[in-house]
Amino acid sequence: MSSLAAVEKISNLCDELAYATRGTSLSLLVETYGIFGAWVSAISSAKTSESYPIDTLEDLIKRKAFEPALTFEAFKMQEPWRVRFTPLETRKLALQLGLCLLDFFDANLSPGKIYFLRQSGQQLQKDQPYLAFDSSLPAAEALHTFRIGHPTLLSFAKLLLEIYTGAGVLAGTVSPHYDQNNNTIWVDLLAYLDEFEKERDDCYLKAVRGCLMVHRKISKALTSSDEGDSDTVIRKALYKNVVRHLKRALEEATPRPRHKRQRSQSPPAINRDQYLESRPTYTQNSTTSTCPPPRDKAKSPLSNWETTDKFHKRQRTTAGHNTSSPLPEPQPWNSSSCSPSVRSGSLFDDTTPVDSQFPRNLTIYADSFISTQNTIYERALLVEMENQSPIKVAVLDTGLDLGHPHIQASRERVIEAWTWLRGTEGEKLGNPGDVCGHGTHVTGLLLDMAPDCNVYVAQIADSSTAEPISAHTIAKAVMHAVKIWKVDIISMSFGFPDEGELGCAELRDAILAAHSAGVLMFAAASNSGVHSATPAFPARMNNVFCVYAGDGMGNPAPTTPNPRKNRYNFMTLGEAVESAWPRALCKPPWTMRKSGTSFAVPIAVGIAAFMLLYAMHTLAPADAIKFKEFDKMQDLLFHLSNERSGYNVLTLVEFFGRSPAARKLLLMNLLKGKPWKI
């Protein structure tokens with residue numbers, strides 16, 4: 001960028017590219033509110049501004065900015081220009097570049113094309129890399145043909161290895177076209193990677209291998225796919241084989257909390273009172289938005305709970321002064337204050353701290369839970385499910401950011417989207433959108449837990465409107481999901497405190513009709529803690545699976561309701577859960593951590609969908625279909641759970657720790673009424 005004065009907002013990128021002139025290139029800054037850029041001299045020959053000097057990734061690698069360990073020589077060198085990326089910063093950068101690969105798989109992603117700006121004071125903007133790319137369109141047709149030596153994939157694999165090792169990989173220069181030189185480099189990089197994997201096994205190296213081998217899967221997918229948009233097929237393969245591993249590599253590099261051990265070396269005891277001290281508190285407010293507004297404090301009547309204190313930090317003492325503040329008592333959920341004419345349905349996501357900062361142990365427990373379930377899924381279903389009918393799931397929520405990279409990776413699984421916000425009959429949408437974020441987060445979790453299910457999006461709420469959730473609207477969506485979509489499961493991350501509210505009778509009838517049609521339904525219990533004797537409606541219904549929230553270790557969330565006596569109380573992860581968040585509401589990598597029974601529901605739904613798919617893969621069709629019955633699924637979930645504090649904590653670890661033959665026998669025994677757990 002030659003100077004800030006030359007930068008102007010671009011409203012139409014195509015119009016700008018139409019006026020390209022020889023010897024100039026369009027330098028772009030992609031910001032939250034638009035794309036900014038300027039026509040400047042070609043970057044290869046341009047002189048950088050003294051105020052905003054440019055460093056290329058190639059230069060930083062040569063200057064040993066990515067050395068895995070801090071050497072004494074680097075420590076002694078105090079020059080202002082000296083830059084060093086920590087292992088955590090390196091993983092963050094790799095993930096950012098991986099997300100870039102999804103859109104620029106036909107561009108030059110060599111280190112010499114990736115730039116970093118310096119702020120005044122010589123501080124490098126490590127978290128904001130820029131890619132220089134050619135404005136000549138269209139891209140070379142050969143780059144849409146995938147085989148060994150694909151220039152972009154080869155360059156990216158080489159780049160990942162260079163920032164991993166902290167040194168240049170002297171394997172030669174990757175050609176922008178397919179040739180024998182690229183084939184040789186591919187063989188050399190693969191042999192180099194094989195040696196690395198003998199010493200260590202981490203997700204980062206899996207991403208590198210995925211980058212070197214994904215051309216086979218892309219080529220096969222393009223040949224066999226009926227989808228018209230080849231770019232979507234390519235992005236999905238890149239996400240699953242490269243970007244997903246980079247996300248897990250970042251989780252591996254994130255420091256874990258250290259717990260002091262007792263002298264006996266036994267694990268530290270869990271004190272629920274201390275655990276509760278680290279949680280936020282909430283008070284009733286029928287006009288508060290459950291979804292944090294992206295740019296202001298605007299409120300909406302979607303929720304009747306509001307965080308009253310910024311996230312309560314653990315008590316600490318500094319120089320003898322206690323810096324903590326007392327934790328105010330939460331107000332009870334007074335459902336009697338809602339008259340029958342007031343619709344006060346809620347999305348149960350409101351236990352997220354206002355500053356989104358969770359205790360470190362909660363985030364680690366959550367990430368470990370998701371990672372474990374993903375691994376179990378991948379190992380259990382090693383073959384493609386081409387000849388089996390997919391499990392169909394309807395998500396009743398606030399919509400979906402269809403262009404999100406995480407959603408795009410499974411784009412063919414999002415079959416249809418309708419909205420009921422513009423009329424009671426519903427309207428089909430090409431791109432549903434999500435101005436709240438709740439629906440995108442929920443759908444992302446579902447696709448994480450059961451990536452082979454088909455998703456149907458029903459938009460029944462919108463935090464930008466003045467109307468709260470309508471039970472009448474939801475009833476219409478439920479019947480559409482049953483009669484038109486013919487789904488197997490319905491996910492409902494909302495609830496009503498009073499079943500006598502307007503439209504709830506109609507919703508009850510719709511749920512009974514869905515149950516009669518053999519549809520499994522999961523609903524959020526609510527976030528009322530001990531202030532409600534029963535879960536919200538419709539989770540309290542006998543033919544709906546009521547889902548409670550806990551952390552990744554099976555501890556109940558402080559705001560989850562008490563378990564009911566003589567009932568199944570299924571609980572799963574719903575604390576500090578990370579998933580997709582609309583791109584318009586946050587910065588890359590466009591994820592957010594959220595808490596609440598809202599986010600336990602899609603995880604429970606994903607487990608159920610996974611088990612249905614596994615049964616179809618393992619048992620005869622006539623036997624597998626029986627698990628679509630409410631009673632059989634209830635028995636199965638009970639046998640997948642472990643009891644803790646009165647809750648049935650769902651986990652797949654124990655079941656899939658058995659041999660395939662033992663798992664099949666257990667499923668058959670369940671169908672015969674022979675439980676293995678009492």
Side-chain angles (χ1 to χ4, degrees), residues 251 254 256-262 266-282 305 307 311-315 327 330 348-353 356-373 376 445 449 493 522 524-532 535 539 545-565 567-579 593-604 606-607 637-638 640-654:
E251 296 170 4
T254 303
R256 297 178 177 268
R258 299 178 180 178
H259 297 286
K260 290 186 178 180
R261 296 272 179 166
Q262 304 295 330
S266 60
I270 297 175
N271 186 317
R272 182 166 172 80
D273 292 336
Q274 293 178 355
Y275 174 77
L276 291 175
E277 287 180 1
S278 67
R279 310 304 302 144
T281 57
Y282 311 89
W305 292 91
T307 303
F311 186 67
H312 181 68
K313 298 182 179 179
R314 294 181 183 273
Q315 189 172 16
L327 200 62
F348 293 128
D349 69 329
D350 37 32
T351 70
T352 300
S356 299
Q357 296 298 314
F358 292 93
R360 187 65 202 138
N361 62 322
L362 283 184
T363 64
I364 290 173
Y365 295 161
D367 294 345
S368 177
F369 180 96
I370 296 294
S371 178
T372 299
Q373 309 308 309
I376 290 174
L445 283 173
M449 298 300 297
S493 294
F522 292 73
S526 87
N527 297 331
S528 59
V530 300
H531 301 295
S532 179
F545 290 102
C546 177
V547 183
Y548 298 83
D551 64 19
M553 296 298 288
N555 301 305
T559 55
T560 206
N562 284 344
R564 296 170 292 176
K565 294 182 180 180
R567 297 286 296 274
Y568 289 115
N569 299 289
F570 294 116
M571 185 177 77
T572 189
L573 176 66
E575 287 277 291
V577 196
E578 186 177 33
S579 183
R593 289 193 184 275
K594 304 290 288 180
S595 286
T597 51
S598 273
F599 309 109
V601 170
I603 292 178
I607 290 175
L637 293 180
F638 171 70
L640 291 176
S641 66
N642 288 321
E643 194 277 335
R644 186 169 194 176
S645 303
Y647 297 96
N648 306 104
V649 184
L650 294 173
T651 173
L652 298 175
V653 175
E654 186 176 350

Would you say the side chain of Ser493 lies within less than 4.5 Å of the side chain of Phe599, judging by non-hydrogen atoms? no

Indicate the atoms forming the closest heavy-atom contact of Met449 with Ile607, along with that distance. CE-CG1, 3.9 Å

Is there side-chain contact between Phe369 and Val577, with at least one heavy-atom pair below 4.5 Å? no

Could you walk me through whether Glu578 and Thr363 pass the side-chain contact (heavy atoms from CB on, under 4.5 Å) check? CA-CA 8 Å; Glu578 186 177 33; Thr363 64; over 6 Å; no

Yes or no on side-chain contact (heavy atoms from CB on, under 4.5 Å) for Ile370 and Ile603, after CA distance, side-chain angles and deciding distance? CA-CA 9 Å; Ile370 296 294; Ile603 292 178; 4.2 Å; yes

Tell me whether the rings of Tyr647 and Tyr548 are parallel (<30°), tilted (30 to 60°) or perpendicular (>60°). perpendicular

Is Ser645 close to Met571 at the side-chain level, that is, under 4.5 Å between some pair of heavy atoms? no

Sub-4.5 Å side-chain heavy-atom contact between Phe570 and Asn648: yes

Say you draw a straight line from CG of Leu445 to CG of Leu573; how long is it, rounded to the nearest 0.5 Å? 8.0 Å

Smallest heavy-atom separation, Ala525 atom then Cys546 atom, equals CB-SG, 3.6 Å

Close side-chain approach of Lys594 and Ser579, heavy atoms under 4.5 Å: no

How long is the span from the CD1 atom in Ile364 to the OG atom in Ser371, to the nearest 0.5 Å? 12.5 Å

For the residue pair Pro535 and Ala539, what are the closest heavy atoms and their distance? CB-CB, 4.4 Å

Is Tyr568 close to Leu637 at the side-chain level, that is, under 4.5 Å between some pair of heavy atoms? no

Report the C-alpha distance between Glu654 and Leu640 in whole Å, list the side-chain angles of each, state the deciding distance to 0.1 Å, and finish with yes or no for side-chain contact (heavy atoms from CB on, under 4.5 Å). CA-CA 7 Å; Glu654 186 176 350; Leu640 291 176; over 6 Å; no

Side chains of Glu575 and Pro558, heavy atoms from C-beta outward: is any pair under 4.5 Å? yes

With Thr651 via side-chain hydrogen bond (donor to acceptor under 3.5 Å, both in side chains) - residues at least two apart: none

Among residues at least two apart in sequence or on other chains, which ones pass side-chain hydrogen bond (donor to acceptor under 3.5 Å, both in side chains) with Asp367? Arg593

Please give me the minimum heavy-atom distance between Ala576 and Ala366, naming the atom from each residue. O-CB, 3.3 Å

Is any side-chain heavy atom of Val649 closer than 4.5 Å to a side-chain heavy atom of Ser641? no

With rounding to the nearest 0.5 angstrom, report the OG1 to CG distance, Thr559 to Asn527. 4.5 Å

